[in-house]
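As structure tokens, the structure follows; a few thoughts come after it.
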There are 4 protein chains.
Amino acid sequence: MPAPGRSHGRSDKRQRIIEAAVEVFAEKGFFGARVSEIAEAAGVADGTIYLYFKSKDDILISVFEEKMTWIVRRLQEILSPIEGAEAKLRRYVVEHLQLVLEQPKLIQVLTVELRQSARFVKQHSPKGFAKYLAVIGHILDEGQRTGVFLTSLDTGLFRRVIFGAIDEISLEWVLGGPPADPHAAAHQVADFILRGLCVRGHPADVPQIDNRET
Amino acid sequence: MPAPGRSHGRSDKRQRIIEAAVEVFAEKGFFGARVSEIAEAAGVADGTIYLYFKSKDDILISVFEEKMTWIVRRLQEILSPIEGAEAKLRRYVVEHLQLVLEQPKLIQVLTVELRQSARFVKQHSPKGFAKYLAVIGHILDEGQRTGVFLTSLDTGLFRRVIFGAIDEISLEWVLGGPPADPHAAAHQVADFILRGLCVRGHPADVPQIDNRET
Amino acid sequence: MPAPGRSHGRSDKRQRIIEAAVEVFAEKGFFGARVSEIAEAAGVADGTIYLYFKSKDDILISVFEEKMTWIVRRLQEILSPIEGAEAKLRRYVVEHLQLVLEQPKLIQVLTVELRQSARFVKQHSPKGFAKYLAVIGHILDEGQRTGVFLTSLDTGLFRRVIFGAIDEISLEWVLGGPPADPHAAAHQVADFILRGLCVRGHPADVPQIDNRET
Amino acid sequence: MPAPGRSHGRSDKRQRIIEAAVEVFAEKGFFGARVSEIAEAAGVADGTIYLYFKSKDDILISVFEEKMTWIVRRLQEILSPIEGAEAKLRRYVVEHLQLVLEQPKLIQVLTVELRQSARFVKQHSPKGFAKYLAVIGHILDEGQRTGVFLTSLDTGLFRRVIFGAIDEISLEWVLGGPPADPHAAAHQVADFILRGLCVRGHPADVPQIDNRET
DNA sequence: GATGAATGAGTCTTCATTCAT
DNA sequence: GATGAATGAAGACTCATTCAT
């Protein structure tokens, strides 16, 4: 239960600005967004923005930091109890895409603006993104340690390959709308990745059918 | 054969502006780039830009159209004589990443700004990107037709999955520099994708080793 | 004797704000100074300022009124027992420059900001400045009455001439630091003014030497 | 006859902005002046200002440099043919005050804003002011060399004393309007200064009358 | 066709002031 | 009285675009 009074008012306003920024950045893009639009969407005065953020850039950076941290924690909470790298990876794919369905605007901002501001964000906000990649990296490491994933794979490379694949699908869904059966699509993608990663015989639950069986 | 005289001078200037825009957009991003910087880099006056392009937006769109067309043609010329969807796909991966090494600034613009301007480009310049995706799509179709790739895969989905994976690696190389052995990395990625796509037993040249064999 | 209790607390805060304003105005200038800086320097909240002053302008005006009144009273107390216009004028010069050494920040504010806000201050705060000029004016009047100063001099003009000379030296000392021997400088200036003002034969204590005697 | 075409247009615009800035700074003060007001007064667009000046500060600095240079040259041209330090000094006083009558707004800006921006101008634009003081300094040096002025005087000190006296009178005339007979006032001031500076017996043309003679 | 000086609309940011607590 | 979070009006500056030469 949040404490009343100032400290609550303060966090409350800051959070409202963050959420408003996600909306406006998603709709107009970072450069197309006006600080006054964010203020209006947050229900605060223009100047109030600057009580909580140093600049417009700082809003974007803060959105990254805050939301990436939140996503990473959410993923970690879901994934940590799961046994087995294969199951973890499958669940990761499903959960990320679930997130896209739940919060398309947030994902749009993170996906579109993260890249567009790549140089700038790489300088100012590398932590959030690095932690996200680490989520994938840990699964890959575990899979290699337990002999499920091919040890010949460069995990530094493949965590980006996997991220890129998921990220592109996220973008597609966010801009073009999700497909009729997102769940099936998510599992197709997970199957694909697992076939690519796993030692022969794995994954047990992804029958390496030949086309005749289809 | 290009017409001589004036019209050649004309294309020459237009082309110089396009190349200059690639440089400047790569260095500063679309929004950070000034039209006057592009003009200076192209060795023309500011106003001259507007003899060849309607607006700053139009420069970006034209860069896309022109360069995407060029890339697609280049890929098609390389891929069309190749026999077999597996070999074609492998070569596609290698060639795209080769392009990243050869023209990092161009790839940076296409990769970073394409996404950033996603909505805007989706509206104004969908052709180039669609044609690029079609290059991957055709390979997938051929693979399914010839029974090499799993027919259960939604090619509309997987051409984006593959594009996303390659695109992310491109971004990494462009912003962080290429790895020590880009050729090996390219083949690792190609192996991964082919394992994901192929019917059991394929690809013939990608031994589905288990970790003991490694 | 100051009133005890609340009213003392009240004047205390008001006075602290005045002193803080002198510091901040001296350091940043009137326009460069932030009300919040003055509040911080005074150890009060921003809003508290407005319990004692109508506006930022009002702070400056109050500084003038208060400090000018104080300076005028101090000068009058020192000068009134002194016999003779010449001695009075000399002492005035010495005491003003002494003040510069003692309270450079105050003098800086009065000297720099008074002029910069000249129009504005002329409208809002003429009393303090007029009283200061009157100090010089009274000395001039006395000197003319007692036949020591030339009666041909327009005292309205010369009180400004004298003020300007002293003011400029004050500014120099305040911004560039005082000279090695400020006392000697003060007397040189006093000698100069007295030679300019006095009837031939005066001042008795300023021998009208020719250069050979030097 | 001014050269036609670009270079003329350019200097012309820059000069118009300078003159407009003098008007607006005189009327509103530096901080009260809006860049758009200067632009309007100069008959140019707001943005045009920034083709000729880096910032609003730069306009003020440029006004100083340019006008101080002009004034110093004007004074030097008038003073250099004059024989004798006494006559030179008298003429300097008269000419400076003549300038006040001719161009009160310019003098107001130089007098009021110079001081207000003292710290800032001392950093950015010391040359113009130093040259102005040097005009007075050279006269004092010459007077001491030729045995007309007291050699005991510190010329570094007295050039400021003299400047301060004249500057204060200038301010008075500029803000309160000139007196009924400015010429007489100028000579009264010159007489005063010369009596203060000169060896006994000098100045020949300033009879050291006693009050009875008046 | 080519130029580049000029334009002026557009926006981030500051900060004096207010007022609910 | 005291606080300081909130306000919002105001302005310096940028830069894509135009057009007279």
Side-chain angles (χ1 to χ4, degrees), chain A residues 4-7 9-10 12-14 31-40 42-59, chain B residues 5-7 9-10 13-14 31-40 43-59, chain C residues 6-7 9-10 13-14 31-40 43-59, chain D residues 4-7 9-10 12-14 31-40 43-59:
Chain A
R6 292 214 179 89
S7 72
R10 203 184 138 80
D12 179 52
K13 282 244 165 79
R14 188 188 144 89
F31 287 102
R34 309 287 148 233
V35 171
S36 60
E37 289 177 307
I38 298 173
E40 193 184 21
V44 300
D46 293 17
T48 304
I49 299 273
Y50 292 88
L51 296 177
Y52 299 96
F53 302 94
K54 281 198 298 290
S55 63
K56 190 186 175 189
D57 281 9
D58 190 39
I59 302 175
Chain B
R6 296 262 159 151
S7 74
R10 201 184 134 82
K13 274 211 172 120
R14 189 189 142 88
F31 286 102
R34 314 276 160 249
V35 171
S36 59
E37 289 177 304
I38 298 173
E40 193 186 21
V44 301
D46 293 17
T48 305
I49 299 270
Y50 292 87
L51 297 174
Y52 298 96
F53 302 93
K54 280 200 299 288
S55 64
K56 190 186 176 190
D57 281 9
D58 189 38
I59 302 174
Chain C
R6 295 262 159 153
S7 74
R10 198 185 135 81
K13 276 213 170 119
R14 190 189 142 88
F31 287 102
R34 315 274 158 250
V35 171
S36 60
E37 289 177 304
I38 297 173
E40 194 186 19
V44 301
D46 292 17
T48 304
I49 299 272
Y50 291 87
L51 297 174
Y52 298 96
F53 302 93
K54 282 200 298 289
S55 64
K56 190 187 177 189
D57 281 10
D58 190 37
I59 302 175
Chain D
R6 290 210 182 92
S7 72
R10 203 182 140 79
D12 179 52
K13 283 241 165 79
R14 189 188 143 89
F31 288 102
R34 307 292 146 228
V35 171
S36 59
E37 288 176 306
I38 298 173
E40 194 184 19
V44 301
D46 292 19
T48 305
I49 298 273
Y50 293 89
L51 296 177
Y52 298 96
F53 302 94
K54 282 200 297 289
S55 64
K56 191 187 174 190
D57 279 10
D58 190 38
I59 302 174

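Hydrogens, waters and symmetry mates play no part in the numbers below; they use all other heavy atoms, side chains included. Because the structure is predicted, anything quoted here is derived from the model rather than measured. Naming convention: chains lettered A, B, ... in sequence-line order (proteins, then strands); numbering from 1 in each chain.
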Without decimals, in angstroms, what is the distance between [X] [atom1] and [N] [atom2]?
X       : N      : atom1 : atom2 : answer
C:Ile59 : E:dT17 : CD1   : C1'   : 11 Å
B:Arg14 : E:dA2  : CZ    : P     : 13 Å
B:Asp46 : E:dA6  : CG    : P     : 13 Å
A:Phe53 : F:dA6  : CZ    : C1'   : 15 Å
A:Ile38 : E:dT13 : CD1   : P     : 11 Å
C:Phe31 : F:dA12 : CZ    : P     : 12 Å
D:Ile49 : F:dG11 : CD1   : C1'   : 14 Å
B:Glu37 : E:dG4  : CD    : P     : 17 Å

Ignoring backbone atoms, test whether [X] places a side-chain nitrogen or oxygen under 4.0 Å from the OP1 or OP2 oxygen of [N].
X       : N      : answer
C:Arg34 : E:dT14 : no
A:Tyr52 : F:dA5  : no
B:Lys13 : E:dA2  : yes
B:Lys56 : F:dC15 : no

Shortest side-chain distance from [X], nucleotide among [options]:
X       : options               : answer
B:Leu51 : E:dC12, E:dT3, E:dT7  : E:dT3
C:Ala45 : E:dT3, F:dA9, F:dG4   : F:dG4
C:Tyr50 : F:dT18, E:dT17, F:dT7 : E:dT17

Scan every strand shown for a Watson-Crick or G-U wobble partner of [N], both distances under 3.5 Å, and answer none if you come up empty.
N      : result
F:dA9  : E:dT14
F:dA16 : E:dT7
F:dT21 : E:dA2

